[in-house]
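Since the structure comes first, as structure tokens, the remarks are kept for the end.
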Amino acid sequence: MRKPLNQNGIFALASPYLSRQNKPSCFHTKAHLIQQLQNCKDLTSAISLHSSAVKCGFLYETFTTNHLINCYIKLQRINLARQVFEEMSEPNVVSWTSLIAGYVIAGQPKMALWLFGEMLEFSVMPNEFTFATVINACSILAELRTGKEIHAHVEVSGFQANLVVCSSLVDMYGKCNDVNSARQVFDLMGCRNVVSWTSMMTTYTQNAQGHEALQLFSEFNVLMNERPNHFMLASVINACASLGKLVSGKVSHGAVIRSGHDSSDVVASALVDMYAKCGCLDYSDKIFKRIPHPSVIPYTSMIVSTAKYGLGKQSLQLFSEMIDRRIKPNDVTFVGVLHACSHSGLADEGLQYLESMHGKHGISPSAKHYTCVVDMLARIGRLDEAYQLAKSIQAEDNDGALLWGTLLSASRLHGRVDIAVEASKQLIDSNQQVASAYVTLSNTYALAGEWENAHNLRSKMKQSGVIKEPGCSWMEIKDSTYVFYAGDVSSCPQGSEVVNLLKELEIRMKERGYIGGSMGLVFVDVEEEAKEEILSLHSERLALGFGLINIPRGVTIRIMKNLRMCRDCHEAFKLISEIVERDFVVRDVNRFHHFKNGCCICRDFW
DNA sequence: CAAACACTGC
């Protein structure tokens, strides 16, 4: 404890001000106090500075008070900031904006928007800082309507040419899934910087338009003199991950290394995720091991990735390593852990982890966690338990769709028509994934031999005009990408060759003990494609799904990107690649030839 | 004095 200053001492220090201000305990100059507030790192000092400011009479001035408000906001004491604000006689635009921003930082964007309304009520005119802040609040809340209103306000107030305001508008429209409006703002911008470009790229990726994001990235490299920063690199890597474009991902990795951003944790996390999604878990692992102090995000990314590759034990090992290193798991980490249990048949362990969430880790399980558990139970055939659990969960909209969709596909897998009917009813009644619910239910009927039901459902779909969008998949061979649509019946003489190969693969997998559970190949005869066969490769070892590839002659094959994981699969992949290369050039997209620095494809960073 | 862009789930 610091010894309290002797009164005489204070008087001595404060003597220059005494006569002027008649405040006996004031020993700060205004400039000094402001500087102290700006550098203040702890609450005790802040409170002491606050009391000095009161005693010195500085809080009659808006400028000094604004500094105090910002000091409390930096120390994450929004309520104290609010108190100071409430006591102000004339808060100006900066006071309002600071407090509004404070609420956004504190995770209360709704309050921020409410305060903005109050500010207008009090006839304080917002400026570009205020607009950027409230647009950001709309972005967090995905509040398109309010966002558009504020956009109109921006135009009227004459801030439509401000770089930061426009960038936040692009971001806001992106987060609200209005890609066209985002692009419109972006196109009308008189000047753009790396942030505005990154916002637009991220908008594309978050709205399932990864190709456009990559296109924009190459335009940036051609048109702009600026170099990508680590935000932009993380964004482009994320775009590659979303598309499963390994080659582009490697090119981006090359750019990362050349620009010296490979020490950025965020970029490293993005790379870990990208390589895993592109089927190269070993690369992810290498990147991960090079991160000196991995945070919860790269750990979670690795846990999820290993789980998806069916490496449950390894995934749980990473989790315990993370706990040992005192890195606090979050809700997403537990989604990964439960996923690991689910995909490796570790149901009892999974239930224990679920139990430990609340008790040991202070995280209350959400609908997403229960969905993992439903999946975990259902996959190993404990469908009745899974169904009971599903019924007890409050899940709406997207969460509900995931929950019932999970149960539905497991019901099909195990031929449980009764539960499939209930699950698809839930989806259809809540108007979620209606088309795929119909298709899956119909497939379940077909699997159970209930052809009439399957047929009736198909007719019902046709009558009600429900159309299932054809699934599509794509492959990268060399630097070209080939896209295939399910139901696309151009002719392919090698179709049967592929089927035979996969059948053989199944036999070899069985020989090596990959049987039981949901492994092996499953043939389902369905009405949908007029007596065509649907061939699915349901192996958890190969479970990084890459959608369906339609090889003509009506055979749809689910190709897994990481077929390369085992040697037999590698053969299959090679053959399929050869066939594809010979006979299908469907679409050749996004060649990466626009790097300013000349380097196109880096093969040698390993 | 106050503002925009990034990595983990499905």
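So that the names make sense, note that chain A is the first sequence line, chain B the second, and so on, each numbered from 1. A quick note: this is a predicted structure, and the numbers were derived from the prediction, not measured.
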ask   = Is the CZ atom of A:Arg183 crowded by more than 12 outside heavy atoms at less than 6.0 Å?
value = yes
task = Using a 4.0 Å heavy-atom cut-off across all strands, classify A:Val94 as base, sugar-phosphate, or nothing.
result = base
query = Do A:Tyr204 and A:His211 have their ring centres less than 6.0 Å from each other?
reply = no
request  = Assign A:His67 to base, sugar-phosphate, or nothing according to its heavy-atom contacts below 4.0 angstrom with the strands shown.
outcome  = sugar-phosphate
note = Ordered by number, residues from residues 127-138 of chain A within less than 4.0 Å of DNA chain B (heavy atoms) are A:Asn127, A:Glu128, A:Phe129, A:Ala132, A:Thr133, A:Asn136
request  = Can you establish whether the number of heavy atoms outside A:Glu355 located under 6.0 Å from its atom CD is more than 12?
outcome  = no
ask   = Taking the six-membered ring for Trp, are A:Tyr103 and A:Phe116 ring centroids under 6.0 Å apart?
value = no
query = What nucleic acid atoms does A:Ser168 come within less than 4.0 Å of, heavy atoms only: base, sugar-phosphate, or nothing?
reply = sugar-phosphate
task = Please work out if A:Ser235 contacts a base, only the sugar-phosphate, or nothing of the nucleic acid, heavy-atom cut-off 4.0 Å.
result = nothing
key: Aromatic ring proximity A:Phe85/A:Trp96, centre distance under 6.0 Å   = yes
request  = State which residues pass ring-ring contact (aromatic ring centres under 6.0 Å, His included) with A:Phe159; sequence neighbours excluded, sorted by chain then number.
outcome  = A:Phe131
Span of DNA chain B, from the first to the last nucleotide whose atoms fall under 4.0 Å of chain A heavy atoms = B:dC1 to B:dC10
Salt-bridge contact A:Glu61-A:Lys30 (side-chain N to carboxylate O under 4.0 Å) = yes
Sugar-phosphate, base or nothing in reach of A:Asn238, heavy atoms under 4.0 Å = sugar-phosphate
message = Students often get this wrong, so: under 4.0 angstrom with heavy atoms, is A:Asp331 touching a base, only sugar-phosphate, or nothing?
response = nothing
task = Establish, yes or no, whether a centroid distance under 6.0 Å links the rings of A:His253 and A:Tyr283.
result = no
